[in-house]
Colleague: 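This is the structure, below, for whatever I ask next.
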Amino acid sequence: MNITPLTRKFFEQPTLKVAEDLLGKLFVFNNFKGIIIETEAYIGIDDPACHAARGRTPRTEIMFGNAGHSYVYLIYGMYHCLNFVTEAVGFPAGVLIRSIQIIEPESILLDGPGKLCKHLGITRQHTGLDIINLPNFFVADIERKFEISTTPRIGIKQGVDKLWRFVAHDRVNFSK
DNA sequence: ACCCCGATCGTA
DNA sequence: ACGATCGGGGTT
(Lines give C-alpha, C1' and ligand atoms only; values in the text may rest on other atoms or scores of the structure.)
Protein backbone atom coordinates (compact mmCIF):
# COMPACT_ATOMS: atom_id res chain seq x y z
CA MET A 1 0.00 0.00 0.00
CA ASN A 2 1.42 3.38 -1.03
CA ILE A 3 1.06 5.58 2.06
CA THR A 4 1.07 9.33 1.38
CA PRO A 5 0.14 11.41 4.44
CA LEU A 6 -2.21 14.32 3.79
CA THR A 7 -0.56 17.74 3.84
CA ARG A 8 -1.53 20.91 5.71
CA LYS A 9 -2.79 22.28 2.37
CA PHE A 10 -5.38 19.52 2.23
CA PHE A 11 -6.89 20.62 5.55
CA GLU A 12 -6.71 24.31 4.63
CA GLN A 13 -9.25 23.76 1.85
CA PRO A 14 -12.94 24.62 2.28
CA THR A 15 -14.40 22.43 5.03
CA LEU A 16 -17.08 20.84 2.86
CA LYS A 17 -14.42 19.66 0.43
CA VAL A 18 -12.21 18.35 3.23
CA ALA A 19 -15.14 16.53 4.83
CA GLU A 20 -16.05 14.85 1.57
CA ASP A 21 -12.47 14.10 0.56
CA LEU A 22 -11.63 12.53 3.93
CA LEU A 23 -13.99 9.70 3.01
CA GLY A 24 -12.08 6.61 1.92
CA LYS A 25 -8.82 7.90 3.37
CA LEU A 26 -6.54 5.79 5.53
CA PHE A 27 -6.74 6.74 9.20
CA VAL A 28 -3.79 5.87 11.45
CA PHE A 29 -3.76 6.17 15.24
CA ASN A 30 -1.10 4.26 17.18
CA ASN A 31 -1.48 0.62 16.15
CA PHE A 32 -4.90 1.18 14.56
CA LYS A 33 -5.50 1.53 10.84
CA GLY A 34 -8.85 2.10 9.19
CA ILE A 35 -10.87 3.71 6.43
CA ILE A 36 -12.86 6.88 7.13
CA ILE A 37 -16.51 6.14 6.34
CA GLU A 38 -18.53 9.07 7.66
CA THR A 39 -17.78 12.75 8.36
CA GLU A 40 -19.54 16.02 9.15
CA ALA A 41 -18.53 19.62 8.50
CA TYR A 42 -18.81 22.38 11.12
CA ILE A 43 -18.11 25.75 9.57
CA GLY A 44 -17.50 29.07 11.25
CA ILE A 45 -19.37 31.34 13.64
CA ASP A 46 -22.38 31.53 11.33
CA ASP A 47 -22.99 27.78 11.64
CA PRO A 48 -25.24 27.48 14.73
CA ALA A 49 -24.24 23.84 15.25
CA CYS A 50 -20.52 24.70 15.31
CA HIS A 51 -18.94 25.05 18.75
CA ALA A 52 -17.33 28.26 17.55
CA ALA A 53 -20.73 29.86 16.92
CA ARG A 54 -20.49 31.51 20.36
CA GLY A 55 -17.10 32.93 19.58
CA ARG A 56 -13.62 32.13 20.76
CA THR A 57 -13.53 30.22 24.06
CA PRO A 58 -10.81 28.17 25.77
CA ARG A 59 -12.33 24.96 24.43
CA THR A 60 -12.77 26.09 20.84
CA GLU A 61 -9.49 27.99 20.64
CA ILE A 62 -7.97 25.15 18.63
CA MET A 63 -10.65 25.52 15.94
CA PHE A 64 -9.46 29.07 15.30
CA GLY A 65 -5.90 27.89 14.82
CA ASN A 66 -3.85 26.17 12.18
CA ALA A 67 -5.50 23.51 10.00
CA GLY A 68 -4.44 19.90 10.35
CA HIS A 69 -4.73 19.80 14.13
CA SER A 70 -7.00 17.55 16.17
CA TYR A 71 -9.93 18.95 18.14
CA VAL A 72 -11.28 16.51 20.73
CA TYR A 73 -14.08 17.40 23.12
CA LEU A 74 -16.22 15.65 25.75
CA ILE A 75 -19.91 15.28 24.98
CA TYR A 76 -22.76 14.23 27.26
CA GLY A 77 -20.30 13.82 30.08
CA MET A 78 -19.18 10.43 28.82
CA TYR A 79 -18.14 10.39 25.18
CA HIS A 80 -15.40 12.05 23.20
CA CYS A 81 -15.58 13.28 19.60
CA LEU A 82 -12.64 13.63 17.21
CA ASN A 83 -12.38 16.46 14.70
CA PHE A 84 -9.73 17.81 12.37
CA VAL A 85 -9.34 21.58 12.12
CA THR A 86 -9.78 23.04 8.63
CA GLU A 87 -9.41 26.33 6.71
CA ALA A 88 -7.32 29.41 7.43
CA VAL A 89 -6.05 30.58 10.81
CA GLY A 90 -8.74 32.77 12.37
CA PHE A 91 -11.59 30.94 10.63
CA PRO A 92 -12.98 28.34 13.06
CA ALA A 93 -14.02 25.16 11.28
CA GLY A 94 -13.48 21.45 11.39
CA VAL A 95 -14.56 18.00 10.32
CA LEU A 96 -16.07 15.53 12.77
CA ILE A 97 -14.94 11.95 12.19
CA ARG A 98 -18.09 9.90 12.75
CA SER A 99 -17.26 6.42 11.46
CA ILE A 100 -14.16 4.41 10.65
CA GLN A 101 -13.91 0.89 9.30
CA ILE A 102 -10.95 -0.46 11.26
CA ILE A 103 -8.86 -2.90 9.24
CA GLU A 104 -5.94 -3.39 11.64
CA PRO A 105 -5.28 -4.95 14.04
CA GLU A 106 -8.77 -6.40 13.49
CA SER A 107 -11.79 -5.64 11.35
CA ILE A 108 -14.32 -3.58 13.32
CA LEU A 109 -16.79 -0.96 12.14
CA LEU A 110 -16.69 1.96 14.56
CA ASP A 111 -19.94 3.66 13.64
CA GLY A 112 -20.44 6.75 15.74
CA PRO A 113 -18.04 9.40 17.05
CA GLY A 114 -18.35 8.32 20.69
CA LYS A 115 -17.82 4.62 20.01
CA LEU A 116 -14.92 5.50 17.75
CA CYS A 117 -13.02 7.50 20.37
CA LYS A 118 -13.79 5.00 23.11
CA HIS A 119 -12.41 2.08 21.11
CA LEU A 120 -9.32 3.92 19.95
CA GLY A 121 -8.65 5.46 23.37
CA ILE A 122 -8.95 9.04 22.15
CA THR A 123 -9.68 11.62 24.86
CA ARG A 124 -9.25 15.36 25.39
CA GLN A 125 -5.56 14.63 25.94
CA HIS A 126 -5.40 14.19 22.18
CA THR A 127 -6.71 17.64 21.32
CA GLY A 128 -4.40 20.13 19.65
CA LEU A 129 -2.13 17.54 18.06
CA ASP A 130 -0.60 18.40 14.69
CA ILE A 131 -1.55 15.37 12.61
CA ILE A 132 0.60 16.56 9.70
CA ASN A 133 3.83 15.68 11.48
CA LEU A 134 3.08 12.76 13.79
CA PRO A 135 4.23 9.24 12.89
CA ASN A 136 1.44 7.56 14.88
CA PHE A 137 -1.49 9.91 14.23
CA PHE A 138 -2.25 10.99 10.67
CA VAL A 139 -4.49 10.51 7.64
CA ALA A 140 -3.14 9.23 4.35
CA ASP A 141 -4.24 9.14 0.74
CA ILE A 142 -5.05 5.71 -0.64
CA GLU A 143 -6.89 4.63 -3.75
CA ARG A 144 -10.38 3.29 -3.28
CA LYS A 145 -13.66 3.42 -5.18
CA PHE A 146 -16.96 4.20 -3.51
CA GLU A 147 -20.06 6.31 -3.74
CA ILE A 148 -20.98 9.20 -1.46
CA SER A 149 -24.27 10.29 -0.02
CA THR A 150 -24.99 13.59 1.68
CA THR A 151 -27.46 14.15 4.53
CA PRO A 152 -28.20 16.57 7.36
CA ARG A 153 -25.89 16.32 10.35
CA ILE A 154 -26.79 13.98 13.21
CA GLY A 155 -27.80 14.96 16.73
CA ILE A 156 -28.04 18.72 16.26
CA LYS A 157 -31.05 21.00 16.70
CA GLN A 158 -29.88 23.97 14.67
CA GLY A 159 -28.45 23.93 11.16
CA VAL A 160 -30.40 20.80 10.22
CA ASP A 161 -31.14 22.34 6.83
CA LYS A 162 -27.51 21.95 5.75
CA LEU A 163 -26.48 18.70 4.03
CA TRP A 164 -23.10 18.64 5.69
CA ARG A 165 -22.84 14.95 6.57
CA PHE A 166 -20.97 12.70 4.15
CA VAL A 167 -21.15 8.90 4.04
CA ALA A 168 -19.05 6.55 1.90
CA HIS A 169 -20.65 3.49 0.35
CA ASP A 170 -18.28 0.84 -0.94
CA ARG A 171 -19.57 -1.37 -3.77
CA VAL A 172 -17.73 -4.30 -2.23
CA ASN A 173 -16.63 -3.92 1.38
CA PHE A 174 -14.55 -1.40 3.28
CA SER A 175 -13.39 -4.04 5.71
CA LYS A 176 -11.23 -5.64 3.02
C1' DA B 1 -21.97 30.25 42.51
C1' DC B 2 -25.50 28.29 39.82
C1' DC B 3 -27.89 26.29 36.03
C1' DC B 4 -28.81 24.38 31.61
C1' DC B 5 -27.78 21.31 28.07
C1' DG B 6 -25.17 18.92 24.53
C1' DA B 7 -21.74 17.24 17.19
C1' DT B 8 -23.94 10.13 21.99
C1' DC B 9 -25.08 5.50 22.98
C1' DG B 10 -26.98 1.44 25.07
C1' DT B 11 -31.03 -0.26 26.97
C1' DA B 12 -36.14 -0.62 27.09
C1' DA C 1 -38.36 6.80 24.55
C1' DC C 2 -35.05 7.63 28.01
C1' DG C 3 -31.29 7.92 31.39
C1' DA C 4 -26.26 8.24 32.30
C1' DT C 5 -22.82 11.87 33.40
C1' DC C 6 -20.03 16.24 33.50
C1' DG C 7 -17.63 20.17 31.52
C1' DG C 8 -18.38 24.42 29.00
C1' DG C 9 -20.34 28.61 28.76
C1' DG C 10 -23.90 31.86 29.86
C1' DT C 11 -26.22 34.09 33.63
C1' DT C 12 -26.71 35.98 38.49
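All figures in this text were calculated on a predicted structure; none of them were measured in a lab. In what follows, chains are A, B, ... by sequence order, proteins preceding strands, each numbered from 1.
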Colleague: Determine the contact category for A:Arg54: base if any of its heavy atoms lies under 4.0 Å from a base atom, sugar-phosphate if only primed atoms, P, OP1 or OP2 are that close, otherwise nothing.
Modeller: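 Sugar-phosphate contact only - A:Arg54 comes under 4.0 Å of backbone atoms but never of a base.
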Colleague: Do you know which two heavy atoms are closest between A:Tyr71 and A:Thr60, and how far apart they sit?
Modeller: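 Closest approach of A:Tyr71 to A:Thr60, heavy atoms only: OH-CG2, 4.0 Å.
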Colleague: Quick one: which protein N/O atoms are closer than 3.5 Å to N/O atoms of nucleotides 5-7 of chain C? Pair and distance per line, please.
Modeller:
residue: C:dT5; atom: O2; partner: A:Tyr76; partner atom: O; Å: 2.3

Colleague: Any idea how A:Phe146 and A:Phe174 line up, ring-wise: parallel (<30°), tilted (30 to 60°), or perpendicular (>60°)?
Modeller: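 Taking A:Phe174 first and then A:Phe146, their aromatic rings sit tilted (interplane angle of 30° to 60°).
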Colleague: Pairs counted as Watson-Crick or G-U wobble with both distances under 3.5 Å: what dot-bracket string results for DNA chain B, using | for bases tied to another strand?
Modeller: ||||||.||||.
Colleague: For the hydrophobic clusters of this structure (ILVMFWY residues joined by side-chain heavy atoms under 4.5 Å, transitively), does one cluster hold both A:Ile102 and A:Ile97?
Modeller: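 Looking at the clustering, A:Ile97 is in the same group as A:Ile102.
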Colleague: Can you tell me if A:Tyr42 is stacked onto the base of B:dA7, using a 5.5 Å centroid cut-off and an angle below 30°?
Modeller: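 A:Tyr42 ring centre within cut-off of B:dA7 base, planes near parallel; stacks.
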Colleague: Whether A:Thr57 contacts C:dG9 is assessed here as follows: a side-chain N or O lying under 4.0 Å from the phosphate OP1 or OP2. Is that the case?
Modeller: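 Looking at the OP1 and OP2 atoms of C:dG9, one of them is under 4.0 Å from a side-chain N or O of A:Thr57.
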Colleague: Categorize A:Ile156 for me: base, sugar-phosphate, or nothing, with a 4.0 angstrom heavy-atom threshold over every strand shown.
Modeller: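 Sugar-phosphate contact only.
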Colleague: Among residues two or more places apart or on two chains, list those pairs meeting ring pair (Phe, Tyr, Trp, His ring centres under 6.0 Å) that have a residue in residues 97-137 of chain A.
Modeller: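 The answer is A:Phe29-A:His126, A:Phe29-A:Phe137, A:Phe32-A:His119.
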Colleague: I need the single residue from A:Ile3, A:Leu6, A:Ile132 that forms a side chain to side chain contact (heavy atoms under 4.5 Å, CB included) with A:Phe138. Which is it?
Modeller: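 Exactly one option meets the side chain to side chain contact (heavy atoms under 4.5 Å, CB included) with A:Phe138, and it is A:Ile3.
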Colleague: Is a salt bridge present between A:Lys115 and A:Asp111, judged by a nitrogen-to-oxygen distance below 4.0 Å?
Modeller: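 Between A:Asp111 and A:Lys115 there is a salt bridge, with a charged N closer than 4.0 Å to a carboxylate O.
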Colleague: For the side chain to side chain donor-acceptor pair (under 3.5 Å) test, which of A:Gln158, A:Arg153, A:Lys162 pairs with A:Asp47?
Modeller: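 Filter result, single survivor: A:Arg153.
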Colleague: Testing the basics here: between A:Gln13 and A:Val18, what is the closest heavy-atom pair and its distance to 0.1 Å?
Modeller: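 So the two residues come closest at O-CG2, 3.6 Å.
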Colleague: Please measure how far the C1' atom in C:dC2 lies from the corresponding atom in B:dC5, and state the result in whole Å.
Modeller: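 The answer is 15 Å between these two C1' atoms.
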